[in-house]
Amino acid sequence: MLKKKPSYVMAILGATGAVGKETLEILEERKFPLASLRLFASKRSAGELMTCQGKEWKVEELTPESSFAGVDFALISATDAISREYGQRLGADGIVVIDDSGVFRMESDVPLVVPEINAHALSTVRRGIVSIPNCTTTPLVMALKPLQDAVGVKRVVVTTFQSVSGTGAAAMDELISQTKDLMAFRDVKTEVYPYQIAFNLLPHIGSFTDGGDCSEEIKIAKEARKILETPSLRITATTVRVPVLRCHSEAINVELERPLNANEARAALAAMPGVIVYDDPSRKLYPMPLDATGKDEVYVGRIREDESITNGLNLWVVSDNLRKGAALNAVQIAECLVNV
Ligand SMILES: NC(=O)c1ccc[n+]([C@@H]2O[C@H](COP(=O)([O-])OP(=O)(O)OC[C@H]3O[C@@H](n4cnc5c(N)ncnc54)[C@H](OP(=O)(O)O)[C@@H]3O)[C@@H](O)[C@H]2O)c1
């Protein structure tokens with residue numbers, strides 16, 4: 001679908017957001033072969049200069065009249081409305097769209113890709129669109145895949161502890177300003193979340209269904225089944241927003257098809273590309289958001305057998321939602337497509 005070239009023109013829609021800024025850093029770190037960059041955001045950011053690979057690039061206002069002539073890749077990390085409006089259109093124009101939103105993920109002709117797990121799905125990019133998973137699904141499937149391959153996974157119960165950067169740059173500002181206000185005995189303002197997030201947590205991510213699930217909980221289950229290619233996997237999630245700036249953590253209980261003890265699980269996880277086992281209770285070593293911030297890998301610790309069920313295992317997983325949960329995964333997909 002993509003003509004092999006020495007370097008590529010990339011457009012980033014949402015370049016000034018939390019994911020967009022991280023994408024620029026990752027393109028630089030990984031020396032992605034860029035011929036040039038086109039950065040798009042809303043009117044309020046137009047004209048800003050952003051740096052990548054030693055050059056300054058001017059942010060353009062995204063409008064229906066914006067021209068994408070000559071663009072090879074469009075990475076969309078803006079809003080659902082922008083993904084809906086531009087994803088389809090740019091894909092149809094022959095541009096490879098890598099979309100961060102939930103808009104296309106479950107469509108049968110759109111691959112939903114974590115390259116370490118299902119890069120083979122990239123051979124079926126029919127509409128020009130590839131989706132990346134939700135930032136909690138990616139670390140979950142990275143931890144489940146080696147267990148699935150070793151002995152099979154029967155049922156998963158996951159509880160997430162999701163940082164505010166998962167909601168975007170405005171939510172990070174809200175946590176910081178609420179914390180400052182509280183420390184100065186001032187009233188807090190709540191704009192992004194329905195309640196104060198500083199010194200609190202909210203068992204609510206996305207919208208509620210009639211049955212009482214959060215949309216985020218449903219996304220995790222559906223996306224995990226699609227990526228792992230296990231349509232009948234039983235999986236249930238509870239998603240919680242916590243007052244942490246970066247990195248999502250997950251407590252995962254897995255019921256396996258066949259026995260796998262904790263040491264065998266450690267070995268299987270350690271052999272998974274992109275996973276680091278960080279697990280030594282005797283030295284109080286377990287992954288925390290501050291350890292994983294700015295890191296590419298998914299960290300797994302607190303690996304232990306769950307005696308309350310047959311073939312049960314407990315895991316604690318931490319991963320930087322702006323990196324592997326979003327920008328890094330998108331850039332890795334682009335790398336797979338150009339075979340860097
Ligand atoms: N944050 C995560 O951990 C994460 C993980 C996986 C996927 N995602 C997905 O990635 C996308 C971006 O998330 P984010 O966290 O980076 O959000 P964000 O920090 O709020 O950034 C949003 C970006 O979209 C731009 N934008 C908003 N409205 C626009 C408009 N009308 N026209 C043009 N540009 C507009 C913003 O530009 P201005 O700066 O000019 O307003 C900004 O660059 C979302 O679809 C999200 O679901 C996020």
Side-chain angles (χ1 to χ4, degrees), residues 11-26 37-50 57-66 68 74-87 90 97-105 112-114 129-141 160-176 191-193 205-207 215-216 219-220 223 239 241-242 244-250 289 292-294 298 318-333:
I12 302 181
L13 281 61
T16 52
V19 175
K21 284 182 183 157
E22 203 68 26
T23 306
L24 293 186
E25 279 187 25
I26 290 170
L37 262 181
R38 301 274 310 279
L39 305 182
F40 293 93
S42 73
K43 190 175 183 166
R44 76 183 178 99
S45 310
E48 262 179 39
L49 292 175
M50 300 181 82
W57 309 91
K58 197 183 266 186
V59 176
E60 302 172 52
E61 180 187 354
L62 182 67
T63 70
E65 288 73 43
S66 298
F68 291 88
L75 269 51
I76 310 186
S77 53
T79 63
D80 283 2
I82 288 172
S83 289
R84 233 174 253 118
E85 183 175 346
Y86 292 89
L90 300 186
V97 173
I98 303 177
D99 186 61
D100 277 6
S101 78
V103 169
F104 306 106
R105 286 179 191 147
L112 178 63
V113 176
V114 176
I129 305 172
V130 181
S131 278
I132 71 153
N134 180 283
C135 41
T136 38
T137 309
T138 303
L140 173 67
V141 293
T160 70
F161 304 78
Q162 298 181 222
S163 69
V164 294
S165 56
T167 316
M172 298 171 83
D173 293 343
E174 180 152 308
L175 172 58
I176 292 168
E191 279 163 8
V192 177
Y193 297 116
I205 299 187
S207 52
S215 52
E216 186 89 343
K219 279 186 201 170
I220 291 172
E223 294 176 20
T239 53
R241 185 73 66 194
V242 294
V244 166
L245 277 175
R246 259 175 96 140
C247 291
H248 293 347
S249 305
E250 304 183 25
T293 294
V298 172
V318 183
S319 157
D320 189 329
N321 52 293
L322 296 179
R323 291 226 143 208
K324 187 59 187 161
L328 172 66
N329 203 56
V331 173
Q332 285 177 308
I333 289 170

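Counting starts at 1 for both ligands and their atoms, following the listed order.
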(request) Please write down residue, atom name and distance for the protein heavy atom closest to atom 25 (C) of ligand 1. (result) Gly14 CA, 4.0 Å
(request) Going by heavy-atom distance to atom 41 (O) of ligand 1, choose the closest among Arg246, Lys43, Arg44. (result) Arg44
(message) For atom 39 (O) of ligand 1, what's the nearest protein heavy-atom neighbour? Residue, atom name and distance, please.
(response) Thr16 OG1, 2.6 Å
(message) Using a strict threshold of under 4.0 Å (side-chain N to carboxylate O), is an ion pair present between Lys58 and Glu48?
(response) no
(request) Output, in order, the C-alpha distance, side-chain angles, deciding distance and verdict of side-chain hydrogen bond (donor to acceptor under 3.5 Å, both in side chains) for Gln162 and Glu216. (result) CA-CA 11 Å; Gln162 298 181 222; Glu216 186 89 343; 2.9 Å; yes
(request) Indicate yes or no: at least one non-hydrogen side-chain atom of Ile98 is less than 4.5 angstrom from one of Ile132. (result) yes
(message) Between Glu22 and Arg246 (salt bridge meaning N to carboxylate O under 4.0 Å), is one present in this structure?
(response) yes
(request) Starting from atom 21 (O) of ligand 1, locate the nearest protein heavy atom and write down its residue, its atom name and how far away it is, to 0.1 Å. (result) Gly17 CA, 3.2 Å
(message) If I apply the N/O under 3.5 Å rule, does Ile132 come out as touching ligand 1?
(response) no
(message) When you compare ligand 1 with Leu62, is there at least one nitrogen or oxygen pair between them that comes in under 3.5 angstrom?
(response) no
(request) Find all atoms of ligand 1 within a distance of less than 4.0 Å from any non-hydrogen atom belonging to Leu322, and give their numbers and elements. (result) 1 (N), 2 (C), 3 (O)
(message) With rounding to the nearest 0.5 angstrom, report the CG to OG distance, Asp99 to Ser77.
(response) 9.0 Å
(request) To the nearest 0.5 Å, tell me how far Thr167 OG1 sits from Leu175 CG. (result) 10.5 Å
(request) Begin from the C-alpha positions of Cys247 and Val318 and carry the test side-chain contact (heavy atoms from CB on, under 4.5 Å) through to its verdict. (result) CA-CA 7 Å; Cys247 291; Val318 183; 4.1 Å; yes
(message) My understanding is that we take every heavy atom of each candidate and find the minimum distance to atom 9 (C) of ligand 1. Doing that for Asp320, Asp173, Asp100, which one comes out nearest?
(response) Asp100
(message) Below the 3.5 angstrom mark, is there an N/O of Gly325, backbone or side chain, next to an N/O of ligand 1?
(response) no
(request) Give the numbers and elements of all ligand 1 atoms closer than 4.0 Å to a heavy atom of Gly166. (result) 1 (N), 2 (C), 3 (O)
(request) From atom 2 (C) of ligand 1, work out which of Cys247, Ser165, Ala170, Ala330 has a heavy atom at the shortest distance. (result) Ser165
(message) How far is atom 14 (P) of ligand 1 from the closest protein heavy atom, and which atom is that?
(response) Val19 CG2, 3.9 Å
(message) Rounded at 0.5 Å granularity, tell me how far CG in Leu13 sits from OG in Ser101.
(response) 11.5 Å
(request) Would you tell me which option among Asn321, Ile82, Thr79 has the nearest heavy-atom contact to atom 29 (C) of ligand 1? (result) Ile82
(request) Determine, stepwise, if the pair Asn321 / Thr136 fulfils side-chain contact (heavy atoms from CB on, under 4.5 Å). (result) CA-CA 7 Å; Asn321 52 293; Thr136 38; over 6 Å; no
(request) Under 4.0 Å from a heavy atom of Ser45: give me the atoms of ligand 1 that qualify, with their elements. (result) 38 (P), 39 (O), 40 (O)
(request) Can you sort out which atoms of ligand 1 are near Ala78, meaning under 4.0 Å from one of its heavy atoms? (result) 11 (C), 12 (C), 22 (C), 23 (C), 24 (O), 44 (C), 45 (O)
(request) Could you tell me the separation between the NZ atom of Lys324 and the OG atom of Ser319, rounded to the nearest 0.5 Å? (result) 8.5 Å
(request) List every atom of ligand 1 that sits less than 4.0 Å from any heavy atom of Gly168, numbering the atoms from 1 in the order shown and giving each element. (result) 15 (O), 17 (O), 18 (P), 19 (O)
